[in-house]
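Some notes on the structure that comes next.
The analysis underlying the following values was restricted to heavy atoms, covering all of them including side chains, and did not include hydrogens, waters or symmetry mates. Letters A, B, ... mirror the listed sequences (proteins, then strands); counts begin at 1. Remember, predicted model here, so these are calculated numbers, not experimental data.
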Amino acid sequence: MERWRPCPCPSPCLPRIPKENPMRLSVFFMPTLKETPAEAQIASHRLMLRAGMVRQSAAGIYSWLPLGWKVLRKIQQIVREEQDAAGAQEVLMPTIQSADIWRESGRYDAYGKEMLRITDRHDREMLYGPTNEELITQLFRDNVKSYRELPKILYHIQWKFRDEVRPRFGVMRGREFLMKDSYSFDVDYEGAKRSYEVMFNAYLKTFKRMGLTAIPMQADPGAIGGNLSHEFHILAETGESGVFYDIAYDELAAKGEIDLDALSRLYAVTDEKHDPNAPNVPPPERLKVARGIEVGHIFYFGTKYSKAMNAVVAGPDGNPLVVEMGSYGIGVSRLVGAIVEAFHDDRGIKWPESVAPFKVGLINLKVGDSACDTVCEDIYRRLSAAGVEILYDDRDERAGVKFADMDLIGLPWQLVAGPKGLAAGVVELKSRHTGEKQELSVESALARLCG
RNA sequence: CGGGGUGUAGCUCAGCCUGGUAGAGCGCCAGCUUUGGGAGCUGGAUGCCGGAGGUUCGAAUCCUCUCGCCCCGACCA
């Protein structure tokens with residue numbers, strides 16, 4: 001069976017996206033809920049629980065069930081592809097770290113109770129990593145010795161833990177979360193700025209591929225230090241923070257790649273930093289007010305860690321050079337929740353096709369009816385063979401249950417085959433996004449879905 | 001970490017005030033009838049009533065302690 005398809009990216013050297021196996025709902029582990037669990041407050045949390053994507057195991061800690069895991073992997077893969085395309089190289093660093101390197105940077109004591117501290121059997125002080133600057137700096141300094149090996153951008157996608165006092169909003173604000181972190185190493189500020197711009201543009205592409213509008217906001221570098229810093233917020237009505245931005249951003253974004261200098265002149269801030277009297281605030285008719293969810297954060301922090309941890313390379317003149325660093329995060333697991341916040345209605349989720357757990361949901365309205373069974377099996381087989389990710393609802397359930405579940409889990413396309421339609425030679429194709437339904441022959445439906 | 005809630009069946013919840021040995025709806029299992037947007041009837045299974053201690057002849061219910069979870073705030077991707 002065809003399990004791989006060419007990557008849709010323009011660049012031919014990108015890896016291929018592994019496809020999801022076709023699946024029958026009669027065997028799929030997807031425990032949907034008709035009622036909303038009491039603990040879930042916001043839409044994405046409610047829907048992710050109801051759709052059987054995740055289950056909480058402790059406060060802010062979740063198991064990912066097949067449906068949720070598929071989405072998480074797709075998001076992860078888009079992030080990975082865009083990082084690779086930008087020239088970053090993937091590594092994998094451990095979740096458990098030694099306290100020693102955190103003492104070198106001075107953060108072991110500075111970091112509060114959010115750091116989960118662990119003692120091993122030999123009484124060594126360990127911790128479950130809340131972030132990885134120390135680890136990557138150590139990795140770099142131990143293995144890179146010359147300026148000629150720079151610039152470098154390394155990244156990893158790994159689980160992290162921050163012992164938040166009050167986890168909430170499901171996977172959007174969990175204690176354990178999957179993050180992509182990139183770290184750039186350059187010989188000077190100019191280089192660091194170029195790395196920053198490369199990541200900046202990679203982020204715009206990454207979020208766009210997920211169907212999201214991501215607005216880079218000027219961010220306070222805060223405790224990390226440095227003077228180049230942007231938070232990427234995606235727009236969602238139920239977003240956690242208010243955002244204000246110049247409508248010119250939308251015009252720029254439509255053009256694709258955005259020039260950082262052009263962008264940095266635009267006004268775009270979250271509500272706590274909004275200053276109506278700031279010099280570059282656009283007039284009211286050009287100031288967009290919306291709500292956003294932070295899904296990425298990039299910043300340049302210079303030599304903060306390289307200096308403290310002695311990450312130096314030999315410069316052109318033979319003298320040691322303290323490397324200039326930046327770090328670039330994307331909340332991968334948080335994005336799952338954020339995308340649901342951005343794309344849902346009162347019936348359920350509406351996945352953008354690029355991250356949908358399956359592309360098509362096939363509903364057999366009357367299991368046991370030989371016409372329905374035959375046609376559905378045929379569709380299932382042919383779409384599977386064509387590499388179209390399909391979830392076939394072959395359960396012996398009532399129509400209403402199937403429609404409700406399919407709307408809930410939000411696959412982009414629903415293909416409905418029932419006795420009445422088949423008698424007339426048609427099946428129904430419904431777009432979950434627009435709600436538009438169309439009756440057409442099996443052949444044309446297949447043609448549409450294979451495209 | 002401050003403040004406020006809450007814990008009873010897989011899910012949503014009633015019962016607690018006023019102690020007498022556990023319920024409803026949905027879900028699950030079986031059968032029949034249904035069948036194009038979360039069906040109807042009949043029958044059935046499921047609970048150490050979060051845990052420990054105490055009061056009492058008797059505790060889901062009252063008291064003490066404890067743990068989990070949720071909400072507001074502070075904090076954060």
**Item:** Side chain of A:Leu33 - closest among B:C11, B:C71, B:G37
**Value:** B:C11

**Pair partner, B:G38 [Watson-Crick or wobble, under 3.5 Å]** = none

**Asked** NA contact type, A:Gly174, heavy-atom cut-off 4.0 Å: base, sugar-phosphate, or nothing?
**Response** base

**Prompt:** Should A:Arg398 be listed as having a side-chain N or O under 4.0 Å from OP1 or OP2 of B:A39?
**Reply:** yes

**Request:** Quick one: look up who B:G10 pairs with, Watson-Crick or G-U, both distances under 3.5 Å, and put none if it's unpaired.
**Result:** B:C26

**Asked** For A:Gly421, which contact category applies under a 4.0 Å heavy-atom criterion: base, sugar-phosphate, or nothing?
**Response** base

**Item:** Phosphate contact (B:G37 OP1 or OP2) by A:Gln414 side-chain N/O below 4.0 Å
**Value:** no

**Complementary nucleotide for B:C62 - Watson-Crick or wobble, under 3.5 Å** = B:G54

**Message:** So, under a plain 3.5 Å distance rule, would you say the side chain of A:Arg173 forms a donor-acceptor pair with the base of B:C76?
**Reply:** yes

**Prompt:** Are A:Arg166 and B:C1 close enough that a side-chain N or O sits under 4.0 Å from OP1 or OP2?
**Reply:** no

**Asked** Can you check whether A:Gly106's main-chain N or O pairs, donor with acceptor, with A:Tyr111's side chain at less than 3.5 Å?
**Response** no

**Message:** With a 4.0 Å cutoff (strictly under), does any side-chain N or O of A:Arg168 reach OP1 or OP2 of B:C72?
**Reply:** yes

**RNA chain B: 5'-proximal contact among A:Glu176 and A:Asp407 (nearest heavy atom)** = A:Asp407

**Request:** Could you tell me whether A:Ala40 contacts a base, only the sugar-phosphate backbone, or nothing, with contacts defined as non-hydrogen atoms closer than 4.0 Å?
**Result:** nothing

**Separation of atom CE in A:Met30 from atom C1' in B:G38, rounded to whole Å** = 13 Å

**Prompt:** Counting side-chain heavy atoms from CB outward, which of B:U12, B:G36, B:G38 is closest to A:Glu39?
**Reply:** B:U12

**Request:** Mark yes or no for whether A:Asp373, through its side chain, and A:Gly368, through its backbone, hold a donor-acceptor pair below 3.5 Å.
**Result:** yes

**Complete:** Taking for A:Glu428 and for A:Gly60 the nucleotide of RNA chain B with the nearest heavy atom, the one nearer the 5' end belongs to A:Glu428

**Request:** Ignoring hydrogens and angles, tell me if any N or O in the side chain of A:Arg141 forms a donor-acceptor pair with the backbone of A:Ala311 under 3.5 Å.
**Result:** no

**Prompt:** Counting any heavy atom closer than 4.0 Å, what does A:Thr36 reach on the DNA or RNA strands: base, sugar-phosphate only, or nothing?
**Reply:** sugar-phosphate

**Asked** Base, sugar-phosphate, or nothing: which does A:Gly400 touch, judged by heavy atoms less than 4.0 Å apart?
**Response** sugar-phosphate

**Asked** With no hydrogens and no angle check, is any side-chain donor or acceptor of A:Arg175 less than 3.5 Å from a backbone partner on A:Pro167?
**Response** no

**Message:** Using a heavy-atom cut-off of 4.0 Å across all strands, would you classify A:Val416 as base, sugar-phosphate, or nothing?
**Reply:** base

**Sugar-phosphate, base or nothing in reach of A:Pro419, heavy atoms under 4.0 Å** = base

**Nearest-angstrom distance from the residue atom NE2 of A:His297 to P of B:C76** = 11 Å

**Request:** Under 4.0 Å between any heavy atoms, over every strand shown, what does A:Lys437 touch: base, sugar-phosphate, or nothing? Just pick one.
**Result:** base

**Request:** Give a yes or no on whether a donor-acceptor pair under 3.5 Å exists between the nucleobase atoms of B:G25, that is its base, and the side chain of A:Glu35.
**Result:** yes

**Prompt:** Considering Watson-Crick and G-U wobble pairs with both distances under 3.5 Å, what does B:C69 pair with?
**Reply:** B:G5

**Prompt:** Between atom NZ in A:Lys34 and atom P in B:G27, what is the gap in whole Å?
**Reply:** 5 Å

**Request:** Ignoring the backbone of A:Leu408, work out which of B:G38, B:G37, B:C13 is nearest its side chain.
**Result:** B:G38

**Request:** For the pair A:Phe244 and A:His274, evaluate ring-ring contact (aromatic ring centres under 6.0 Å, His included) and give the outcome as yes or no after the intermediate values.
**Result:** CA-CA 7 Å; A:Phe244 298 80; A:His274 178 51; 3.7 Å; yes

**Request:** Take atom CD of A:Glu294 and atom C1' of B:C75, then tell me their distance rounded to the nearest Å.
**Result:** 13 Å

**Prompt:** With stacking defined as ring centroids separated by under 5.5 Å and planes differing by under 30°, is A:Phe177 stacked against B:A77?
**Reply:** yes

**Prompt:** Between A:Trp351 and A:Ile409, is there a donor-acceptor pair closer than 3.5 Å when you use the side chain of the first and the backbone of the second?
**Reply:** yes

**A:Glu240, A:Glu294, A:Glu341 screened by salt bridge (charged side-chain N to carboxylate O under 4.0 Å, His left out) with A:Arg334, the one that passes** = A:Glu240

**Request:** Classify the nucleic acid contact of A:Lys113 as base, sugar-phosphate or nothing, counting any heavy atom under 4.0 Å across all strands shown.
**Result:** sugar-phosphate

**Request:** Determine the contact category for A:Glu164: base if any of its heavy atoms lies under 4.0 Å from a base atom, sugar-phosphate if only primed atoms, P, OP1 or OP2 are that close, otherwise nothing.
**Result:** base

**Prompt:** So what does A:Gly418 hit on the nucleic acid, given a heavy-atom distance under 4.0 Å: a base, only sugar-phosphate, or nothing?
**Reply:** base

**Request:** Mind calculating the distance between CD (A:Glu439) and C1' (B:G36) to the nearest angstrom?
**Result:** 10 Å

**Message:** Taking any heavy-atom pair under 4.0 Å as a contact, classify A:Lys420: base, sugar-phosphate, or nothing.
**Reply:** base

**Prompt:** Heavy atoms under 4.0 Å, any strand shown: does A:Arg55 hit a base, just sugar-phosphate, or nothing?
**Reply:** nothing

